[in-house]
Amino acid sequence: MRFSEKIDEIDKEIENDEPNVEFGIIDELVGYVSNSYSSTPIDSTQSGKKSRKRARNKDPLVDVLTKTLKEFSNTHAVASENIRKNAKYFQNEADGANRRMKLFDELKKVDGLTNAQRVKVGQLLLQNQANIDYFFTLDDEFKFDFLLQLLLQ
């Protein structure tokens with residue numbers, strides 16, 4: 001369950017409860033800390049815990065904190081998506097750079113081209129990343145024909 005979904009669930013629970021006893025802000029904070037971090041609450045009776053919880057949930061501070069946490073959660077989700085997109089972009093760039101570095105070695109493997117043709121076709125391929133990508137997807141038997149077509153253009 002995502003963090004923002006958990007906050008929504010807590011909000012629904014809050015809306016369904018009716019406060020029985022009003023506490024001062026200090027009592028609410030003490031009750032909150034007690035219920036959140038201690039296994040033994042200050043008031044050990046169930047009704048005391050429930051009343052403190054209900055009263056605490058009507059506090060404007062809790063509303064502001066809940067709203068802020070929801071906004072933070074949404075911002076975090078957007079940031080995570082942007083980081084994923086950036087990582088994918090940089091991975092594609094790295095892959096392209098690796099292909100460009102290997103290009104001349106691959107051109108040397110293609111039989112039937114002169115050294116001058118290899119240099120010229122290498123320049124033509126470097127001008128268009130899509131052609132480099134396509135060249136590396138071709139089987140060896142088709143690479144010569146593709147390179148000849150580039151030379152004839």
Side-chain angles (χ1 to χ4, degrees), residues 1-17 19 25-42 49-50 52-153:
M1 177 180 290
R2 290 184 46 204
F3 184 74
S4 62
E5 292 170 344
K6 186 65 177 173
I7 295 289
D8 290 338
E9 183 180 305
I10 291 170
D11 280 346
K12 287 177 185 173
E13 289 176 7
I14 291 168
E15 290 172 7
N16 292 335
D17 289 336
I25 188 70
I26 300 299
D27 290 338
E28 289 177 25
L29 292 174
V30 169
Y32 177 73
V33 171
S34 173
N35 288 336
S36 298
Y37 299 105
S38 172
S39 61
T40 58
I42 291 172
K49 284 195 301 185
K50 202 170 201 179
R52 197 175 304 118
K53 181 179 177 183
R54 287 181 186 153
R56 180 181 69 243
N57 292 334
K58 298 299 181 185
D59 188 347
L61 179 62
V62 172
D63 293 339
V64 169
L65 288 174
T66 301
K67 181 181 176 192
T68 302
L69 286 174
K70 283 182 185 179
E71 290 171 359
F72 176 77
S73 176
N74 291 337
T75 302
H76 182 269
V78 169
S80 294
E81 180 62 21
N82 288 337
I83 290 170
R84 187 190 62 75
K85 287 178 183 177
N86 284 338
K88 184 177 179 181
Y89 170 79
F90 286 117
Q91 184 61 51
N92 287 339
E93 285 297 311
D95 292 344
N98 286 337
R99 278 192 230 102
R100 287 188 296 274
M101 297 301 289
K102 294 178 184 177
L103 181 61
F104 189 69
D105 288 335
E106 286 297 314
L107 290 175
K108 289 191 297 187
K109 294 178 186 176
V110 177
D111 291 330
L113 293 176
T114 66
N115 287 339
Q117 288 174 322
R118 284 186 178 93
V119 170
K120 179 64 177 171
V121 89
Q123 289 174 334
L124 292 171
L125 286 170
L126 288 174
Q127 292 173 0
N128 187 338
Q129 181 65 40
N131 281 341
I132 295 174
D133 294 341
Y134 183 65
F135 175 76
F136 278 98
T137 62
L138 292 173
D139 292 334
D140 290 338
E141 62 191 74
F142 296 102
K143 287 182 179 180
F144 178 74
D145 293 330
F146 174 68
L147 296 176
L148 280 181
Q149 287 178 3
L150 283 178
L151 287 171
L152 296 175
Q153 292 179 1

Next on the checklist: How long is the straight-line distance from CG of L107 back to NZ of K143, given to the nearest 0.5 Å?
Outcome noted: 9.0 Å
Item to check | Nearest-0.5 Å distance, CG of residue L151 to CG of residue L147 | outcome: 7.0 Å
Item to check | Short side-chain to backbone donor-acceptor contact, T66 and V62, under 3.5 Å | outcome: yes
Checklist outcome for this item: To the nearest 0.5 Å, atom CG of L65 lies from atom NZ of K67 at 12.0 Å
Checklist entry - In this structure, are over 12 heavy atoms from other groups packed under 6.0 Å from F144 atom CZ? => result yes
Checklist entry - Heavy atoms, side chains only, cut-off 4.5 Å: are N98 and F136 in contact? => result no
Checklist entry - Is there a donor-acceptor contact under 3.5 Å from the side chain of R118 to the main chain of V110? => result yes
Checklist entry - Under 3.5 Å, side chain of D59 to main-chain N/O of L61, donor-acceptor pair present? => result yes
Next on the checklist: Measuring from atom CD of Q127 to atom CG of L150, what distance do you get when rounded to the nearest 0.5 angstrom?
Outcome noted: 10.0 Å
Next on the checklist: Between Q129 and D133, does the side-chain hydrogen bond (donor to acceptor under 3.5 Å, both in side chains) criterion hold? Intermediate values first, please.
Outcome noted: CA-CA 6 Å; Q129 181 65 40; D133 294 341; 3.0 Å; yes
Checklist outcome for this item: When rounded to the nearest 0.5 Å, the distance separating OG1 of T137 from CZ of F142 is 11.0 Å
Item to check | Heavy atoms from other residues, nucleotides or ligands near NZ of K120 exceed 12 (cutoff 6.0 Å) | outcome: no
Next on the checklist: Please report the interatomic distance CZ(R100) to CG(D95), rounded to the nearest 0.5 Å.
Outcome noted: 10.5 Å
